[in-house]
Protein chains: 2
Amino acid sequence: MLAQATISPTAPTPLSYHSGQPVTEPSDLWSTATRQTCARNRSIYSEGDPADRVFKVVSGAVRTFQLLEDGRRQVNAFYLAGEIFGLEATGDYRFSAEAIVTSQILVLRRDRLTLRLTNEPALMGDLWRITACELERAQAHFALLGRKSAIERVASFLVSMGERSVTNGAIELPMSRQDIADFLGLTIETVSRTMTLLEEQRLIAMPSARRIVIRDRRPLMALDS
Amino acid sequence: MLAQATISPTAPTPLSYHSGQPVTEPSDLWSTATRQTCARNRSIYSEGDPADRVFKVVSGAVRTFQLLEDGRRQVNAFYLAGEIFGLEATGDYRFSAEAIVTSQILVLRRDRLTLRLTNEPALMGDLWRITACELERAQAHFALLGRKSAIERVASFLVSMGERSVTNGAIELPMSRQDIADFLGLTIETVSRTMTLLEEQRLIAMPSARRIVIRDRRPLMALDS
DNA sequence: CGTCCGATTGACAAAACTCAAGTACTGTGG
DNA sequence: CCACAGTACTTGAGTTTTGTCAATCGGACG
């Protein structure tokens with residue numbers, strides 16, 4: 001039944017995508033993928049590896065990042081349940097991916113995807129849209145890294161996480177302060193201090209370091225610009 | 001003849017793309033585009049406009065950027081001769097584009113492109129690759145904005161410009177110091193001071209503010225990381 | 001209960017920003 | 001050709017923000 005399913009370009013199923021932009025994909029794209037469990041901090045692929053697989057997070061969380069020669073790290077993105085990563089149009093992976101916590105991921109071999117593309121060219125439009133969506137999110141991150149203050153960066157991050165994964169009122173952060181710092185272009189100490197500041201201002205509450213409750217959304221959104 | 005031309009996915013013509021990554025596109029993609037002259041600082045499209053056109057720079061230079069509410073500006077990219085911009089998979093432009101200097105650009109209507117895509121699905125793969133290439137370049141910019149010092153940012157910028165447009169030994173910068181600052185996430189003063197520093201260190205020479213000669217490439221590349 | 005690791009806090013230093021002044025181009029009109 | 005105006009760029013002085021280094025706190029787990 002899975003193999004027989006045909007894709008109509010007019011009847012895609014909606015995919016909740018983490019940029020907030022609805023993206024469509026064929027419902028059975030992942031039916032031929034294999035499921036895999038990745039331990040915490042386990043590498044999924046590394047910069048320079050041939051880009052022969054595409055991934056979708058089932059549960060857990062993944063980070064993609066690049067390292068400068070002296071060890072400085074830039075986290076490019078976090079991927080949560082339902083989100084797709086590792087989709088390159090061609091060539092090698094240009095960044096590395098690691099599981100942040102023990103995660104379940106779907107792995108789709110690139111050659112299977114290519115095969116599907118040959119039979120169903122319309123599918124390529126969907127993949128293009130996924131890439132375009134990622135580009136959009138990336139460019140929006142430019143303004144954060146290039147022009148925002150520490151408090152604006154942290155507020156933007158919390159608002160974004162709040163839109164992506166809330167469990168009964170609280171944001172569960174799977175990533176460490178170091179991950180957040182490397183994503184926001186700050187140091188771990190600045191992230192920590194800024195979160196304390198937001199708590200003192202009663203905009204958020206922190207039942208624990210990894211659990212954040214947004215108490216007053218409005219001023220946080222304002223900081224988000 | 002133009003209309004009759006068929007596209008073979010195995011015989012694309014190479015397109016020099018500014019990320020340094022070779023990208024292919026059908027040679028006649030722009031044959032139905034109209035040529036247009038854009039005066040200096042003239043808006044080409046604005047954030048929120050329907051993304052109904054795709055552009056290619058013939059001569060001159062273009063910047064894409066976003067504005068925060070309080071006027072802070074982030075320049076996302078510069079586009080020089082031969083480079084494509086405004087290619088969105090769907091929806092509205094999410095950033096604005098302006099001519100930096102008086103420029104000639106090719107304008108391809110989106111509906112014509114869509115028509116082509118219907119007849120030649122293979123073309124979509126090429127467009128996807130262009131978007132993926134742009135994404136790659138965007139993500140590489142993350143490390144610069146998030147983790148590099150002022151001198152590293154300026155050095156990276158000059159090396160990148162040197163690879164894209166050199167006229168008899170000198171880099172001709174079409175953009176102002178303010179444009180560069182907004183691209184690198186710095187202030188105009190820091191950009192100016194940093195360039196002076198690089199000149200004092202004999203890594204570059206500045207016959208004029210807009211003409212840069214790279215005198216010692218090695219240490220500049222090292223700063224580029 | 002103690003250890004370990006991640007997170008927080010404090011004191012100080014450095015990098016980049018802000019504000020302000022001065023210099024050097026560019027183009028225009030006399 | 002020169003004088004002037006306007007803009008862009010450079011430089012300086014002082015401030016702010018963020019980073020660095022070091023110590024402490026606190027929850028998770030054996």
Side-chain angles (χ1 to χ4, degrees), chain A residues 40-41 61 63 68 70-74 100-102 144-155 157-158 170-201 204-212 223, chain B residues 39-41 61 63 68 70-75 100-102 144-155 157-158 170-201 204-212 223:
Chain A
R40 186 173 117 95
N41 291 330
R63 62 178 166 251
L68 301 188
D70 58 1
R72 282 176 291 180
R73 186 179 71 155
Q74 176 65 41
I100 294 172
V101 293
T102 301
L144 183 145
L145 291 174
R147 285 285 170 246
K148 289 190 181 176
S149 67
I151 195 170
E152 290 171 325
R153 294 185 201 200
V154 172
F157 172 71
L158 292 177
I171 302 167
E172 295 277 359
L173 297 179
M175 69 289 286
S176 70
R177 293 290 187 270
Q178 187 64 63
D179 287 328
I180 298 172
D182 288 345
F183 178 63
L184 298 180
L186 299 169
T187 59
I188 182 174
E189 293 94 337
T190 299
V191 170
S192 189
R193 274 186 253 271
T194 304
M195 287 209 175
T196 302
L197 186 67
L198 289 173
E199 190 179 34
E200 284 168 359
Q201 294 179 352
I204 64 171
M206 287 195 283
S208 78
R210 301 285 185 105
R211 291 181 68 95
I212 311 287
L223 283 171
Chain B
R40 188 175 117 93
N41 291 330
R63 61 177 168 251
L68 300 188
D70 58 1
R72 281 176 291 180
R73 186 179 71 156
Q74 176 66 39
V75 169
I100 294 172
V101 293
T102 302
L144 184 145
L145 291 174
R147 285 286 170 243
K148 289 190 180 178
S149 66
I151 195 169
E152 290 171 325
R153 293 184 202 200
V154 172
F157 172 70
L158 292 177
I171 301 167
E172 295 276 359
L173 296 179
M175 69 290 285
S176 69
R177 293 290 187 270
Q178 188 65 64
D179 287 329
I180 298 172
D182 289 345
F183 178 63
L184 298 179
L186 299 170
T187 58
I188 182 173
E189 293 96 334
T190 298
V191 170
S192 188
R193 273 186 254 272
T194 304
M195 288 208 174
T196 302
L197 186 68
L198 289 173
E199 190 179 33
E200 285 167 359
Q201 294 179 351
I204 63 170
M206 286 195 281
S208 76
R210 301 285 185 105
R211 289 181 68 95
I212 312 286
L223 283 170

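Throughout, protein chains are lettered first and strands after them, A, B, ... in sequence-line order, and every chain is numbered starting at 1.
- Rounded to 10 degrees, the angle separating the terminal helix axes of the helix from dC1(C)-dG30(D) to dG30(C)-dC1(D), each built from five base pairs, is 30°.
- Considering only side-chain N and O atoms, Thr196(A) lies under 4.0 angstrom from the phosphate OP1 or OP2 of dT9(C).
- Closest to the side chain of Leu186(A), out of dC17(C), dT8(C), dG19(D), is dG19(D).
- Atom pair Arg147(A):CZ and dT18(D):P shows a separation of 13 Å (rounding to whole Å applied).
- Rounded to an integer number of Å, the gap from CD1 of Ile188(B) to P of dT18(C) is 12 Å.
- With rounding to whole Å, Met206(B) atom CE is found 14 Å from dC25(C) atom C1'.
- In this entry the distance linking CG of Leu173(A) with P of dT8(C) reads 10 Å, nearest Å.
- Formation of a donor-acceptor pair under 3.5 Å by the Arg177(B) side chain with backbone atoms of Ile188(B) is not found in this model.
- Side-chain proximity of Thr190(A) to the nucleotides dA16(C), dT8(C), dG19(D) is greatest for dG19(D).
- Note: Ile151(B) CD1 to Gln201(B) CD = 5.0 Å, rounded to the nearest 0.5 Å.
- Comparing Ser208(A) and Lys148(A), the nucleotide of DNA chain D nearest to each residue sits closer to the 5' end for Lys148(A).
- If you measure from atom CG of Leu197(B) to atom C1' of dT10(D), you get 14 Å, rounded to the nearest angstrom.
- Each of Thr196(B), Leu198(B), Ile204(B) was scored for a side-chain contact (heavy atoms from CB on, under 4.5 Å) with Glu200(B), with one residue passing: Thr196(B).
- Residue Arg40(B) places no side-chain atom within donor-acceptor reach of the base of dT26(C), judged by atom type and a 3.5 Å distance cut-off alone.
- If you check dT10(D), dA7(C), dG10(C) against the side chain of Glu189(A), the one that comes closest is dG10(C).
- Within the 4.5 Å cutoff, the side chain of Arg147(A) has heavy atoms near those of the Asp182(B) side chain.
- In this structure, CD1 of Ile151(B) is placed 17 Å from P of dA14(C), rounded to the nearest angstrom.
- Within 4.0 Å (heavy atoms only), Arg210(B) reaches sugar-phosphate atoms of the nucleic acid but no base atom.
- Between the CD1 atom of Ile212(A) and the C1' atom of dT8(C) there is a distance of 13 Å, rounded to whole Å.
- Residue Ser176(A) is classed as a sugar-phosphate contact, given heavy-atom separations below 4.0 Å to backbone atoms only.
- Following rounding to the nearest Å, Arg211(B) (CZ) and dC25(C) (C1') show an atom-to-atom distance of 15 Å.
- A donor-acceptor contact under 3.5 angstrom links the side-chain atoms of Arg193(B) to the base of dG12(D).
- Checked against dT18(D), dA16(C), dC9(D), the side chain of Ala209(B) finds its nearest nucleotide in dC9(D).
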